[in-house]
Amino acid sequence: MASDTGSNFIRTRIDSELADGRVQQVVTRFPPEPNGWPHIGHAKSICLNFGLAASYGGRCHLRFDDTNPEGESEEFAQALANDVRWLGFDWGDHKYYASDYYEQLYVWAESLIERGLAYVDESSEEQIRAHRGTVTEAGTPTPFRDRSPADSLDRFRRMRAGEFDDGAMVLRAKIDLTSNNMKMRDPLMYRIKKQSHYRTGDAWGIYPFYDYAHCLSDALEGITYSLCTLEFENNRELYDWYVQHVDTGADPAPQQIEFARLALTHTVTSKRKLKQLVLEGHVSGWDDPRMPTLAGLRRRGVRPEAVRELCDRVGVARANSTLDPALFDQIIREDLDAEAPRVMAVLDPLPMVVENWDADVDWIDAPLWPSEFGLEGERPIPFAKNLFIERADFKVKPAKGFKRLAPGRSVRLLNGYVVTYTGHEVDADGNVTQVRVSHDPKTRGGDARSKVSGSIHWVARDTSMEATVRVYDRLFAAAAPGLEQDFLLDLNPASLKTLTARIEPALSFAEGGSHWQFIRAGYFFADVQDSEPGKPVFNQVVSLKDSWKKQETLVQARKAANAPGKVGDKPDPLHPKRAKALRDLGIDEDTARVLTDDPAHDAVFVAVVAKHAQPESVAKFLVNEVIPAAEQAVKLDVAPGIAALLAMVDSGKLTTKLARKVLAEVLTGGDPVAIAKRDGLTVVSDSGELLAIATKAVADHPEEAQKFRDGNGRMMGFFVGKVMKATGGKADGKAAKQAVEAALGTWQDQMVQILNESKASDNK
RNA sequence: UGGGGCGUCGUCAAGUGGUAAAGACACCAGGUUUUGAUCCUGGUAUGCGUAGGUUCGAAUCCUACCGCCCCAGCCA
């Protein structure tokens with residue numbers, strides 16, 4: 001369970017850091033702010049954090065990120081904790097509150113001030129905004145930026161003491177007003193907020209900001225991986241800055257990793273919008289079954305198993321994506337299939353009279369599960385003269401392919417009898433008011449085989465009960481609510497249908513919290529709050545798949561189509577004259593541009609060519625191999641080494657691949673000839689030896705060889721790959737290819753084939 | 001127009017230079033079925049945003065271009 005073993009970029013990273021000892025134990029955390037109800041998006045984070053910790057034998061903390069007293073409450077914290085537990089996760093003793101760290105955070109802030117790394121800014125909110133600049137313009141210092149540490153310290157202490165009003169001043173980190181990253185332009189650390197906090201009461205009049213508090217809380221708790229969503233990407237630099245400049249003693253330092261949040265079409269998950277739906281009464285509350293909140297899902301009857309499975313199947317990646325809710329629907333069905341006993345309920349009743357039924361009530365034992373489940377259990381269902389069937393199961397003029405009841409047809413009443421149409425009545429408007437049938441006594445229950453193609457569900461009129469059944473559809477009609485208009489206008493007016501259904505007697509004992517499959521209708525859940533003993537109220541959890549009623553094709557979230565690759569004008573090379581000179585040497589424009597982009601590289605180029613007079617080859621080697629392999633600009637003094645290396649490649653002594661192995665050392669001044677010799681890097685180009693290897697590879701893989709002969713030229717790569725592997729990557733590529741071709745007898749075969757084909761067509 | 005990210009099937013997603021591009025949902029076609037459900041079988045990307053380049057070999061490396069998301073709260 002939720003011990004996702006699928007591969008993802010976070011696991012890959014953890015694996016490697018565990019392997020090289022940088023991290024000993026995986027410690028994660030789920031850090032909600034207790035100011036709202038968690039939704040399906042939080043579930044992903046919960047499953048990820050707790051799941052990862054569990055699967056690596058580490059631990060996961062539940063930490064309330066309560067750094068802003070506004071809107072936070074113990075009730076929310078309780079609800080959050082509840083939902084985490086409901087999902088099936090356990091934080092053990094590790095429940096924490098950022099508010100418990102206020103004192104430590106404060107002490108660290110003083111230390112930052114003392115070291116000149118933070119200052120109290122008395123500018124107004126507007127002034128600070130103005131001085132921050134824009135994404136294209138650098139910020140400028142406010143008049144308070146250079147005040148002395150002692151001055152700031154004094155102010156900061158008085159801020160804490162409550163001497164100033166809200167908004168009078170803030171504490172800011174002194175980082176870099178000109179940074180391209182807006183988050184680094186002297187971010188705010190503390191604000192004055194004379195508001196009491198649900199946990200610390202009136203002890204504090206200043207509160208830390210997320211960026212300052214979160215990373216240090218992580219450090220304090222020994223968190224190793226601080227996972228958050230993509231929009232915090234820009235905050236990572238700041239996260240690292242605080243961790244680096246505050247002496248927390250955390251080892252290893254916690255690191256922030258961002259992943260894509262879970263989004264669904266036809267759904268909103270923003271706290272603001274969810275709140276608006278509740279406050280304006282568009283839904284009945286935070287736990288309305290149409291809400292994407294965990295409380296809503298629970299109320300609807302979705303089990304935690306299904307939520308966890310969803311998170312597992314969706315995976316973790318860094319690409320923003322929007323899920324089709326059909327996936328969740330299907331997972332819910334799979335989860336409930338073996339959980340929900342089968343019973344009958346008629347949601348939209350149409351009276352049916354069995355004309356040749358004279359007996360009283362016939363109680364039939366009907367199984368609670370399909371026979372192939374192998375599960376025990378049955379319940380008695382009453383058959384009688386007067387029944388109800390689903391209105392949609394009778395059509396006066398059936399469409400092609402309709403398998404249910406219609407004039408002249410017979411149909412199986414599930415677990416009852418086969419009945420045959422004898423007549424029907426309509427009202428003044430032409431609506432069918434009653435169907436008449438006759439039954440075949442020989443077809444009772446499961447006793448007799450029958451050829452009828454359709455089976456429909458039913459209940460007896462006098463012994464069935466009325467019950468409230470709520471059928472749900474997506475809350476929003478639009479795939480992307482709010483994309484083209486106010487999101488409230490995208491609300492689906494038919495998202496809730498409250499029906500008075502007829503349920504079979506056994507169902508009247510359904511307890512709140514029980515799951516049922518209403519045969520042919522869907523999975524239903526006896527509402528925990530509204531059901532009363534003997535009077536259940538049902539929520540539809542999810543419908544059954546219905547391949548007859550073709551579901552309206554969901555309008556997929558409009559993903560802006562990528563413009564089909566227009567090729568824009570290429571920019572001019574940085575140094576037009578030089579670039580032209582290079583072109584004259586036979587070097588193409590792209591290559592020339594990269595080469596001249598950094599004068600240092602151009603100089604290296606000149607130096608290498610001086611030793612190895614193959615300008616085109618040198619340019620390509622530098623651009624495609626050397627520059628990408630170098631961390632910084634390539635140094636001029638390694639040019640001789642590069643020249644020697646390339647000379648080996650060009651003379652066939654080394655393949656490009658082997659050259660790559662040597663490159664790193666050459667870049668730090670190594671001698672390629674010596675290194676190659678030391679590591680035994682010699683190209684295998686002996687055709688006899690390669691042919692032997694290739695022949696063996698072909699013999700070992702007859703199927704692949706056949707595929708190749710059948711015309712799949714790409715199997716060449718497979719065999720060359722085998723040869724490469726066998727030689728430890730030392731085979732000369734071209735020679736290896738020739739050896740494989742010879743081993744496969746390719747061109748002869750192909751010639752034969754072509755000849756045969758031409759003969760065959762001649763004969764026609 | 002600055003910076004940070006991201007583009008692999010209708011939707012998610014694996015893939016880290018060599019076994020004809022996993023898997024799931026959706027879709028299509030069959031089979032089983034007293035639920036048009038479940039279950040089973042098969043099909044579905046000659047290609048990884050586009051165009052060039054490097055390489056024996058590229059979704060993976062290089063270059064340019066295109067598109068989408070995020071950042072200018074005293075929110076988190």
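A note on names: the letters A, B, ... follow the listed sequences, proteins ahead of strands, and every chain is numbered from 1. Values in this document were obtained by computation on a predicted structure and should not be read as measured data.
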Side chains of [X] and [Y]: is there a donor and an acceptor less than 3.5 Å apart?
| X | Y | result |
| --- | --- | --- |
| A:Gln256 | A:Glu258 | yes |
| A:Asn235 | A:Asp211 | yes |
| A:His214 | A:Arg29 | yes |
| A:Thr12 | A:Asp15 | no |

Using the [atom1] atom as the reference point in each nucleotide, state the distance between [N] and [M] in Å, no decimals.
| N | M | atom1 | result |
| --- | --- | --- | --- |
| B:rA45 | B:rG10 | C1' | 12 Å |
| B:rA29 | B:rU19 | P | 35 Å |
| B:rA59 | B:rU46 | C1' | 14 Å |
| B:rU60 | B:rG18 | P | 12 Å |
| B:rC39 | B:rC48 | P | 34 Å |

Any side-chain N or O of [X] under 4.0 Å from OP1/OP2 of [N]?
| X | N | value |
| --- | --- | --- |
| A:Ser455 | B:rU33 | no |
| A:Ser321 | B:rA13 | yes |
| A:Lys620 | B:rC62 | no |
| A:Arg318 | B:rC6 | yes |
| A:Ser7 | B:rG15 | yes |
| A:Arg313 | B:rA13 | no |
| A:Lys725 | B:rU19 | no |

Interatomic distance where [atom1] belongs to [X] and [atom2] belongs to [N] [whole Å]:
| X | N | atom1 | atom2 | result |
| --- | --- | --- | --- | --- |
| A:Leu323 | B:rA13 | CG | C1' | 10 Å |
| A:Gln330 | B:rA37 | CD | C1' | 10 Å |
| A:Asp546 | B:rG36 | CG | P | 8 Å |
| A:Met724 | B:rC56 | CE | P | 9 Å |
| A:Lys403 | B:rA37 | NZ | P | 8 Å |
| A:Leu658 | B:rU55 | CG | C1' | 13 Å |
| A:Ile331 | B:rA13 | CD1 | P | 14 Å |
| A:Arg333 | B:rU38 | CZ | P | 8 Å |

So which nucleotide from [options] ends up closest to the side chain of [X]?
| X | options | value |
| --- | --- | --- |
| A:Lys722 | B:rU19, B:rU38, B:rA14 | B:rU19 |
| A:Arg660 | B:rC12, B:rG17, B:rC56 | B:rG17 |
| A:Ala319 | B:rC6, B:rA58, B:rG36 | B:rC6 |
| A:Thr136 | B:rU19, B:rG53, B:rU1 | B:rU1 |
| A:Phe718 | B:rC56, B:rU19, B:rA37 | B:rU19 |
| A:Glu334 | B:rC25, B:rC56, B:rC62 | B:rC25 |

Quick one: label [X] by what it contacts on the DNA or RNA (base, sugar-phosphate, nothing), any heavy atom closer than 4.0 Å.
| X | result |
| --- | --- |
| A:Tyr212 | nothing |
| A:Arg272 | nothing |
| A:Val720 | base |
| A:Pro628 | sugar-phosphate |
| A:Gly522 | nothing |

Inset, instruction - Specify the residue among A:Gly401 and A:Val594 whose closest nucleotide of RNA chain B lies further upstream toward the 5′ end. - result: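 Nearer the 5' end of the strand: A:Gly401.
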Legend entry - Over-ring placement of A:Arg412 relative to A:Tyr417, 6.0 Å and 45° cut-offs: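 No, A:Arg412 and A:Tyr417 do not form such a contact.
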Partner nucleotide of [N] by Watson-Crick or wobble geometry (both distances under 3.5 Å):
| N | answer |
| --- | --- |
| B:rU41 | B:rA29 |
| B:rA58 | none |
| B:rC6 | B:rG67 |

Look at the side chain of [X] and the base of [N], then say whether one donor and one acceptor between them are separated by less than 3.5 Å.
| X | N | result |
| --- | --- | --- |
| A:Arg236 | B:rG4 | no |
| A:Arg342 | B:rU35 | yes |
| A:Gln517 | B:rU35 | yes |

Legend entry - Carboxylate-amine/guanidinium contact A:Glu741 A:Lys737, below 4.0 Å: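 No, A:Glu741 and A:Lys737 are not salt-bridged.
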Inset, instruction - Enter syn or anti for the glycosidic conformation of B:rG30, syn applying to angles within 90° of 0. - result: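 Anti.
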Inset, instruction - Supply the atom-to-atom distance A:Leu663 CG to A:Thr656 OG1, rounded to the nearest 0.5 angstrom. - result: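 OG1 of A:Thr656 is found 11.0 Å from CG of A:Leu663.
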Legend entry - Other residues, nucleotides, ligands: >12 heavy atoms within 6.0 Å of A:Lys271 NZ: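 It does: A:Lys271 NZ has more than 12 such atoms within range.
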Legend entry - Sequence-distant partners of A:Lys722, side chain to side chain contact (heavy atoms under 4.5 Å, CB included), two or more places apart: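 For A:Lys722, the residues satisfying side chain to side chain contact (heavy atoms under 4.5 Å, CB included) (neighbours in sequence not counted) are A:Ala697, A:His701, A:Phe718.
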Legend entry - Which residues share a ring pair (Phe, Tyr, Trp, His ring centres under 6.0 Å) with A:Phe259, sequence neighbours left out: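 Partners of A:Phe259 under the ring pair (Phe, Tyr, Trp, His ring centres under 6.0 Å) test: none.
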Inset, instruction - Could you check if a side-chain atom of A:Arg185 sits within less than 4.5 angstrom of a side-chain atom of A:Asp176, using non-hydrogen atoms only? - result: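 A:Arg185 vs A:Asp176: side chains apart.
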Legend entry - Sequence-aligned protein contact record of nucleotides 70-76 of chain B, with B where the base is within under 4.0 Å of a protein heavy atom and S where only the sugar-phosphate is: BBBSBSB
